[in-house]
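Contents: one structure, followed by commentary.
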Amino acid sequence: MTRGGQGLARVAVVVRAGAAPLWWLGVFAAGIGALVPGLTGRRIGVLAGAALFLVTAAVVGGVRRKRYGELTRGAVRAGKQDVLQDRRVTVRNWRRGHRWWLVLGFLAALGSAFVVPAAGGLLLAGAGAGLRLKAGWIGRAEQSGDALLWVRVDWLSGRGGAPGGKRVKAYRSTGVAAGDAAPGGGRRPVAARV
């Protein structure tokens with residue numbers, strides 16, 4: 001890193017980093033859980049799981065939006081010395097930092113299948129869907145403001161997350177061509193990178 005600059009991670013990438021593992025672990029746990037009759041029976045378990053999926057996706061997708069909005073409106077332009085962190089590095093840091101939470105969540109979802117089949121897995125998948133919705137919302141804010149949002153890496157939590165946490169004082173912004181991730185944190189199409 002050059003003198004005076006800071007490492008910056010894309011806000012949408014940090015938010016979206018947990019979406020895929022939560023989704024796939026949840027779907028896998030729900031699939032296995034549906035094979036177990038459980039105490040409530042499969043039908044009730046799947047219906048309860050569907051309700052949990054919808055509620056969890058809505059809650060995770062909507063939580064702290066006011067805070068994200070405030071930080072977005074107060075974003076300052078990134079300096080020339082700032083170093084933009086690669087999308088893969090941001091995702092890897094989040095997933096390494098949360099790997100045991102993901103394992104515990106998966107095991108809890110599997111264990112809950114003996115009581116309410118598939119419900120725990122669908123709750124986990126709902127959390128992944130909610131993160132994807134939130135990343136999409138941030139991406140739309142980036143597109144409407146014609147600027148990508150970044151957060152200082154040293155302001156993230158020790159596990160590489162919480163881009164809207166108390167430690168974060170302000171976002172930085174760059175033009176939409178900066179970095180290797182599209183608005184919303186997804187992979188930038190190969191043609192757009194050239």
Side-chain angles (χ1 to χ4, degrees), residues 9-36 38 40-72 87 90-144 148-149 151 156-157 159-166 168 171 181-187:
R10 277 287 300 286
V11 174
V13 172
V14 176
V15 169
R16 188 178 166 143
L22 284 168
W23 170 263
W24 288 112
L25 288 173
V27 167
F28 191 53
I32 293 172
L35 301 175
V36 179
T40 62
R42 288 187 189 98
R43 185 170 181 271
I44 291 173
V46 171
L47 289 174
L52 282 172
F53 176 89
L54 294 172
V55 169
T56 305
V59 169
V60 171
V63 74
R64 302 195 74 136
R65 280 199 180 192
K66 185 177 179 184
R67 170 79 171 143
Y68 282 95
E70 289 169 0
L71 290 168
T72 298
R87 178 185 181 278
T90 303
V91 170
R92 184 181 66 225
N93 290 345
W94 189 98
R95 291 182 181 170
R96 278 185 183 166
H98 291 82
R99 65 183 174 272
W100 293 114
W101 290 106
L102 293 169
V103 170
L104 288 172
F106 177 69
L107 293 175
L110 282 179
S112 71
F114 291 100
V115 180
V116 186
L122 288 171
L123 184 138
L124 209 59
L131 288 176
R132 185 77 182 252
L133 289 171
K134 185 183 285 185
W137 174 76
I138 293 169
R140 289 188 294 280
E142 288 177 326
Q143 287 177 321
S144 67
L148 301 181
L149 299 170
V151 61
L156 294 173
S157 71
R159 294 189 300 273
K166 291 180 182 177
V168 179
Y171 287 158
R187 289 191 185 102

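If you're wondering where the values come from, they're calculated on a predicted model, not measured in any experiment.
- Geometrically, Arg132 does not engage Trp23 in a cation-pi contact defined by less than 6.0 Å to the ring centre and at most 45° from the axis.
- A donor-acceptor pair under 3.5 Å is absent between the side-chain atoms of Arg159 and the main chain of His98, judged by distance alone.
- Scanning both residues, Ala9 and Leu156, for their nearest heavy atoms gives CB-CD1, 4.3 Å.
- We find the OG1-CG distance between Thr72 and Leu149 to be 4.5 Å, quoted to the nearest 0.5 Å.
- When all heavy atoms are compared, the tightest approach of Ala29 to Leu110 is CA-CD2, 4.0 Å.
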Evaluate the criterion side chain to side chain contact (heavy atoms under 4.5 Å, CB included) for residue pair Arg67 and Val168; output intermediate values, then yes/no.
CA-CA 10 Å; Arg67 170 79 171 143; Val168 179; 4.2 Å; yes

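- Within the structure, no pair that satisfies the salt bridge (charged side-chain N to carboxylate O under 4.0 Å, His left out) test touches residues 94-104, not counting sequence neighbours.
- In plain terms, the two heavy atoms of Gln143 and Pro183 that are nearest each other are CG-CB, 3.7 Å.
- Annotation: side chain of Val46 is not in contact with side chain of Pro117 (no heavy-atom distance under 4.5 Å).
- Not counting sequence neighbours, the partners of Ala181 by the side chain to side chain contact (heavy atoms under 4.5 Å, CB included) test are Arg10, Val13, Arg87.
- Ile138 and Ala12 get closest at one heavy-atom pair: CG2-CB, 3.9 Å.
- Here the CG-CH2 distance, from Leu102 to Trp94, works out to 5.0 Å after rounding to the nearest 0.5 Å.
- The side chain to side chain contact (heavy atoms under 4.5 Å, CB included) search around Leu123 returns Leu52, Thr56, not counting sequence neighbours.
- Of the possible polar contacts, one joining the Arg65 side chain to the Gly61 backbone as a donor-acceptor pair under 3.5 Å is found.
- Between Arg42 atom CZ and Leu47 atom CG the span is 14.0 Å, to the nearest 0.5 Å.
- Legend: residues meeting ring pair (Phe, Tyr, Trp, His ring centres under 6.0 Å) with Phe28, ordered by chain and number and at least two apart, are Phe106.
- Closest of all the heavy-atom pairs between Ala129 and Ala57 is CB-CB, 4.3 Å.
- The side chain to side chain contact (heavy atoms under 4.5 Å, CB included) test applied to Val63 returns Lys134, not counting sequence neighbours.
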Starting from the C-alpha separation in whole Å, work towards a yes-or-no answer on side chain to side chain contact (heavy atoms under 4.5 Å, CB included) for Val116 and Ile44.
CA-CA 8 Å; Val116 186; Ile44 291 173; 5.5 Å; no

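- The shortest heavy-atom contact between Ala30 and Ala118 is O-CB, 3.6 Å.
- Atom CG of Leu122 is separated from atom CG of Leu54 by 9.5 Å, given to the nearest 0.5 angstrom.
- Residues satisfying the side chain to side chain contact (heavy atoms under 4.5 Å, CB included) criterion with Ala135, sequence neighbours excluded, are Val15, Arg16.
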